[in-house]
Amino acid sequence: MGVAVYVLIGAALLWPFARTGGWLEFLRKPSPVATSPEANPETSESVSDRPLLVGALISLLSALLLWSLWLNGYLPYRLVPLKLFTPGEWWYAGISGGPRTIEGRDALTVYEGILFGLLAYGCGRIGNFAELFRRRVAERGQPFLALSAAAAAGLVQLLVWKEMLPVVRPILVLIASVAGGEIYQSQTVVNVIYALITVLVLWPFARLGRWRELIAARRGGAAPAPADDAGPATATSADQWPDLRAAGWTDAADTLTAEVRIGRMNDVDVARLRHAWTLATQRSDQLAPLAEAVLRTGGAAAPHPSGHRDLPRRTARHDVLTGQVRIGRCTDDPHNPYDRRGTGLALEPTLLGTSLLAVGPPGVGKSARLIRPVVEALALRALAGQAAVLAVGGAGAQLGPDDAFDVVVRIGHPGSAHDLDLYGGTTDPDEAAAVLAEGLVGDVGSLDSRRAATVLAQLLGPYRAAHGHFPSVPELRELLDGTPAALADLRASLEAAGHHAMLRELDARSRQAGGPGDPAPALADRVALLDRPAFTEFFATGPDARPFSLRALGQYPLRVRVDLPERGHAEASRLLTRLLLAQFTAIAAARTDTTLFVCLVLDDATHAVTAETVRGIRRLRSVNAGAVLALRTVDDVPEALHTPLLGAVGCTAAFSGITTWDGKRFAEAWGKEWVETREVAQHTVFADQPFTRALHALRKLVTGKAVTTDAVTVRQVEKERWSASELAYAVPAGHAVIRVTTVQGEHAPPLLVHLDG
């Protein structure tokens, strides 16, 4: 009992000095090998394994030397601290005098155990054994980790019970001091104490080797949940639906909580119902119907118009509640900021709202690793009632299965269930003419799209006034060609209906036909691309026609996919892509209700970008809309639009394999940054003294190099974030350099990302 009391008294007396002197901070301070990232982030992980091994070995040998000197009594004043806190009659006289009584020997035993523990801890911290263990053992995973910990545990147990490590005797002495020596008269108590010592020694190795997780995995069970997740959810946690409870709908909240916990609701259901509740709170008359629907159908309340509650298959990692989709991981590259290395990169509507331009040659994975995940994320958000997506690609593009979309338009395919409205669902001839002109001849630099729109308006307006709808493709071609029969029939219909204003429009078209610079022939040639037998059943405009109009995207959370006939009709596909882009930018900008995020995804935007659509893309971010454009090269866009296009989009992605010309454009768009450069100049050292000159001559004879000194110059210079050559040759396969910007203006530097989406 006396030894334990004196140990406690000594600890109590030493504690204020330990706090004042910062002993704990000194022991916790990492060794120079494991510099903290805040101190030197660029070099914190640059230390190789060899310095770690050498440092650990030196630390271990130093600790063994100190312990050997201690045991053999070569360290002076080693018993002075112990004698200060114990009675003097326990010790022989003198500084180096040993214990005189049994109590003194017991105190020395405990004292040695404490010192050994401190020595082992200090050796581990100074030698950085934790980092060495992480690199050489923990990173190799199971079962190597468990086996290594078991081997170390066996060795330590052997040393402990051989009393080569002072563990058993100090514990026995402390127990005897507290409970009395009579406790050891019972063999059962002794066995229990020995078992506890064994468990105490094994416990750290079991934690290091993760034996419990390995056993659970071998038995087919799951790893134990962290302590923070084990407790029950509080009344304000997200799965308790606090918004419903705060509004007084406790029964509905309890219903949804039960459905979440039994697994009858997925992440799409949760996101959909949260969004529905947010909308319902804006109109008080919708709160009661929504709560009643929740009580009646649970997680199936407020369904998507299709009735679907999830996609048939997901190929990427999604966070539906935030609308994020993971597309890759930032690599450990010097171009990436240190705090972003190894972190994941995800896209979300706040980023896509600034539009995205992806450039890379065929086969680098634009569709599979970027376009497909983005389409999936938007489709999931559409099922949650928060977005609408239009995905446009070739007939063989992997944009998702048919049952992942509400509308699938297969242009040129006889089995297509839906048609496409060339006029975008508008009833205004001028608006229809402007969009159609952009799609037909927007890529022809020699033609003014405004004159082309005027020509189309002079024909579309009279035709709609006479027939109640816009002309079909064959009829529009005849009107643009100036076929006398078609114009005569149209004139007769207008005269019979008394549309004198439209007759003036038609007369103006007749006067301008055939004049210099008349865009009608070029328009007729482009319309002829759609007047083919393969498209006979498409683009109908009569009273019985029910084509799909892009105008529905701004009203409903639709998932739409358009398949273009790229193989047999490449020019027609480019024309339709250009038309869809022009219709989308015009319709998105004209919306009055912008609560629904709408996005257009073009798997191949070759020859689809025009000057007007670039201006339209720039306006999308202010109306909660965005566009994703994929190009094989920037040269697929007219040269005059290279700079405006890169300036209009907020997110850009340069895939591996781009040319240096494309890399130059990205490097200019991403700008420069200030970096610190070090220039080292070597100057030959000329010695004045004969002995020094002789040493220099001997060194030059041995090494073959003259004695030099280094002159280091440190400067701040402005350097491109990524040069054109680096983008063309330093981006590995399966990677891309991606720069993102949010609608609010926050941005990140270009990051080298390993695409695993």
Side-chain angles (χ1 to χ4, degrees), residues 325 327-328 345 347-362 364-367 369-375 378 389-393 443 574 577-578 580-582 584-585 588 599-621 625-659 661-671 721-722 724 727-728 731 735-743 747-753 755 757:
V325 54
I327 62 172
L345 182 68
L347 296 178
E348 60 181 3
T350 56
L351 300 177
L352 298 178
T354 63
S355 297
L356 169 65
L357 176 65
V359 179
V364 298
K366 296 192 302 296
S367 298
R369 301 185 178 186
L370 181 62
I371 301 299
R372 175 73 180 270
V374 168
V375 172
L378 293 171
V389 57
L390 172 62
V392 181
D443 62 328
R574 293 175 181 175
T577 303
R578 199 161 48 246
L580 290 172
L581 179 57
F584 179 82
T585 54
C599 187
L600 169 68
V601 181
L602 295 183
D603 187 54
D604 185 4
T606 302
H607 301 296
V609 179
T610 64
E612 184 61 31
T613 53
V614 169
R615 286 190 287 270
I617 290 173
R618 189 178 290 112
R619 292 192 297 265
L620 291 178
R621 68 173 64 190
V628 179
L629 311 178
L631 294 171
R632 295 182 177 91
T633 173
V634 181
D635 289 330
D636 289 339
V637 177
E639 185 176 0
L641 298 178
H642 290 174
T643 300
L645 177 60
L646 289 172
V649 297
C651 303
T652 49
F655 283 72
S656 60
I658 64 173
T659 63
W661 292 275
D662 288 344
K664 179 181 179 181
R665 298 181 182 97
F666 278 107
E668 292 175 351
W670 291 338
R721 301 179 185 272
W722 281 84
L727 288 172
V731 179
H735 293 66
V737 181
I738 301 177
R739 171 184 174 268
V740 294
T741 304
T742 65
V743 177
H747 58 84
L751 303 172
L752 180 61
V753 180
L755 300 171

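- Remark: the backbone N or O of L357 is not paired with any side-chain donor or acceptor of T652 at under 3.5 angstrom.
- The closest side-chain heavy-atom distance from V649 to I617 is below 4.5 Å.
- With a 4.5 Å cut-off on side-chain heavy atoms, V740 and L356 do not count as touching.
- Once rounded to the nearest 0.5 Å, the distance linking CZ of F655 with CG of D662 reads 13.0 Å.
- Across R618 and A648, no two heavy atoms sit closer than the pair NH2-CB, 4.1 Å.
- For P638, the side chain to side chain contact (heavy atoms under 4.5 Å, CB included) partners at least two apart in sequence or on another chain are L641.
- Using a 4.5 Å heavy-atom threshold, the side chains of V374 and L347 count as touching.
- Considering CG of L352 and OG1 of T742, their distance stands at 12.0 Å, rounded to 0.5 Å.
- In this structure, the side chain of H735 does not engage the main chain of L755 through any donor-acceptor pair within 3.5 Å.
- Taking each heavy atom of A724 and A667 in turn, the nearest pair found is N-CB, 4.3 Å.
- Applying the salt bridge (charged side-chain N to carboxylate O under 4.0 Å, His left out) test to pairs two or more places apart or on separate chains, those with a residue in residues 635-649 are D635-R665.
- Scanning both residues, T633 and V359, for their nearest heavy atoms gives CA-CG1, 3.8 Å.
- Every residue two or more places apart in sequence or in another chain that forms a side chain to side chain contact (heavy atoms under 4.5 Å, CB included) with D604 is listed here: E566, T606, R632.
- For the residue pair G360 and I658, the shortest heavy atom distance occurs at CA-CG2, 4.0 Å.
- Atom OG1 of T613 sits about 8.5 Å away from atom CG of L629, to the nearest 0.5 Å.
- Side chains of R721 and P749 form a contact here, defined as non-hydrogen atoms less than 4.5 Å apart.
- Looking only at distances, a side-chain donor or acceptor of T585 sits under 3.5 Å from a matching main-chain atom of L581.
- Residues V628 and C599 have side chains in contact (heavy-atom distance under 4.5 Å, counting atoms from C-beta outward).
- Under the 4.5 Å side-chain criterion, counting only non-hydrogen atoms from C-beta, V389 is not in contact with L600.
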| task | Would you please test T577 and L602 for side chain to side chain contact (heavy atoms under 4.5 Å, CB included) and show each step? | result | CA-CA 8 Å; T577 303; L602 295 183; 3.9 Å; yes

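- Contact record, I371 with A630: CD1-CB, 4.2 Å, taken as the closest heavy-atom pair.
- Contacts of S367 classified as side chain to side chain contact (heavy atoms under 4.5 Å, CB included), with partners at least two apart in sequence or in another chain: D603.
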| task | Start with the C-alpha distance between V637 and L631, add both sets of side-chain angles, then the distance that settles side chain to side chain contact (heavy atoms under 4.5 Å, CB included), and finish with yes or no. | result | CA-CA 9 Å; V637 177; L631 294 171; 3.6 Å; yes

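- The side chain to side chain contact (heavy atoms under 4.5 Å, CB included) search around H607 returns R574, R578, not counting sequence neighbours.
- Side chains of T610 and E612: no donor on one and acceptor on the other come within 3.5 Å.
- A heavy-atom distance below 4.5 Å is found between the side chains of L370 and I327.
- The minimum heavy-atom distance linking L752 with V731 is given by the pair CD1-CG1, 4.0 Å.
- For the pair V753/L345, a side-chain contact is recorded, criterion being any heavy-atom separation below 4.5 Å from C-beta on.
- Residues passing the ring pair (Phe, Tyr, Trp, His ring centres under 6.0 Å) test with F666 are W670, sequence neighbours excluded.
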